[in-house]
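To keep things clear, I will list the structure first and then write my remarks on it.
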Amino acid sequence: MLTMKDIVREGHPILREKAQDVELPPQQEDIETAKKMLEFLKNSQDPEIAQKYKLRPGIGLACPQIGISKRIIAVHTTDEQGELFSYALFNPKIVSHSVKVTYLEGGEGCLSVDRDVPGLVPRYAKTTVKGTTIDGEQIELKLKGMPAIVFQHEIDHLDGIMFYDRINKENPFSPPTAVILNR
Ligand SMILES: CNC(=O)c1cccc(C)c1Nc1nc(N2CCN(c3ccccc3Cl)CC2)nc(N2CSC[C@H]2C(=O)NC)n1
Ligand code: NI
């Protein structure tokens with residue numbers, strides 16, 4: 001099972017690389033990796049297991065964070081309706097998104113960042129994500145709320161982007177609003 005020693009921390013160059021597409025249909029090795037990432041998130045949210053193995057709780061993880069530069073992400077969270085959202089996706093891609101932006105009022109945390117980075121992180125309020133599941137099927141997810149935010153955070157990791165890259169440097173707490181570009 002993955003533990004915190006397998007999590008790469010900021011400063012490691014792999015977190016700033018553009019990760020490679022996974023060959024489809026997914027090979028056994030990549031399927032194993034995706035399953036271990038999802039298992040880590042579930043374990044990290046289980047009080048006993050998290051305490052026993054000193055896991056920091058997370059709802060999202062990207063493959064570069066475990067030292068493998070491949071386009072694989074895992075998300076395990078619940079949405080506003082309390083519906084479980086649990087996915088491991090190969091080659092995830094945001095295919096469309098709202099103009100509206102949103103953000104987590106508490107800011108964002110990251111398993112690869114062992115410090116609090118204050119500030120609001122602008123995210124699209126709604127996104128449509130396409131990707132391939134562990135079973136090899138192509139799916140399209142219409143996301144909003146926390147799932148939408150987590151998928152954006154994890155897909156950013158695949159492009160070497162950290163959440164704090166998106167915080168307004170001048171005023172980290174100015175509520176991000178969609179800038180309507182005038183023609
Ligand atoms: C600095 N301020 C903050 O972190 C922050 C501060 C307040 C509120 C929020 C909402 C914040 N923000 C934030 N909180 C989370 N968690 C809330 C607690 N939870 C959790 C904790 C315990 C058991 C089970 C679980 Cl489930 C784990 C997940 N997760 C993320 N992110 C950003 S997208 C990827 C995701 C991630 O997994 N990060 C490790 N951001
Ligand atoms: Ni992260």
Side-chain angles (χ1 to χ4, degrees), residues 2-19 33-34 36-89 92 94 97 101-127 129 131 141 143-169 171-176:
L2 290 175
T3 61
M4 293 310 289
K5 70 170 177 29
D6 300 301
I7 306 280
V8 159
R9 304 305 153 92
E10 61 178 329
H12 191 299
I14 198 170
L15 290 175
R16 289 306 193 178
E17 281 176 22
K18 187 166 174 47
T33 300
K36 283 198 298 187
M37 290 166 64
L38 202 46
E39 181 203 35
F40 173 89
L41 295 176
K42 292 175 187 168
N43 288 342
S44 78
Q45 295 173 28
D46 177 311
E48 279 91 53
I49 304 175
Q51 191 184 0
K52 180 171 179 196
Y53 295 97
K54 308 246 174 305
L55 306 180
R56 189 179 145 195
I59 49 179
L61 190 66
C63 208
Q65 292 182 275
I66 59 169
I68 303 170
S69 197
K70 287 192 174 181
R71 301 187 81 82
I72 308 172
I73 64 170
V75 174
H76 189 74
T77 184
T78 53
D79 64 14
E80 269 64 42
Q81 286 73 31
E83 187 192 334
L84 179 67
F85 231 95
S86 189
Y87 287 92
L89 274 189
I94 294 175
H97 60 77
V101 297
T102 185
Y103 52 87
L104 289 176
E105 282 180 9
E108 293 190 8
C110 178
L111 294 172
S112 295
V113 181
D114 295 330
R115 60 192 171 106
D116 235 15
V117 183
L120 304 179
V121 184
R123 299 291 184 187
Y124 296 120
K126 293 184 181 178
T127 63
V129 171
L141 296 171
L143 307 168
K144 60 182 175 13
M146 185 61 98
I149 290 171
V150 183
F151 270 83
Q152 287 173 76
H153 177 115
E154 302 315 329
I155 291 173
D156 267 355
H157 273 305
L158 305 183
D159 296 325
I161 298 166
M162 301 294 281
F163 72 88
Y164 43 74
D165 299 343
R166 295 186 179 280
I167 294 174
N168 182 316
K169 310 261 180 301
N171 179 347
F173 289 95
S174 65

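For ligands, and for the atoms within them, numbers begin at 1 and follow the listed sequence. Everything numeric here is computed off the predicted structure, so don't read it as measured data. This chain uses plain numbering: 1 for the first residue, then up along the sequence.
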Any idea which of Val113, Ile59, Leu104 brings a heavy atom closest to atom 37 (O) of ligand 1?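 Closest candidate by heavy-atom distance is Ile59.
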Could you pull out, from Ser44, Gly107, Gly106, the option with a heavy atom nearest to atom 12 (N) of ligand 1? Gly107
Relative to ligand 1, is [X] under 4.0 angstrom through side chain, backbone, both or neither, heavy atoms considered?
X	answer
Glu105	neither
Thr77	neither
Glu108	both

Is it true that Asp46 and Lys52 make a salt bridge, defined as a side-chain N closer than 4.0 Å to a carboxylate O? no
So that I can tick it off, tell me whether Asp156 and Arg166 are bridged by a salt bridge, with the cut-off set at under 4.0 angstrom between side-chain N and carboxylate O. yes
Contact between [X] and [Y] at the side-chain level, heavy atoms closer than 4.5 Å - yes or no?
X	Y	result
Arg123	Leu104	no
Asn168	Pro176	no
Val121	Tyr103	no

Should Gly109 be counted as touching ligand 1, given the test is an N or O pair under 3.5 Å? yes
Gly58 neighbourhood, listing ligand 1 atoms whose heavy-atom distance to it stays under 4.0 Å: 37 (O)
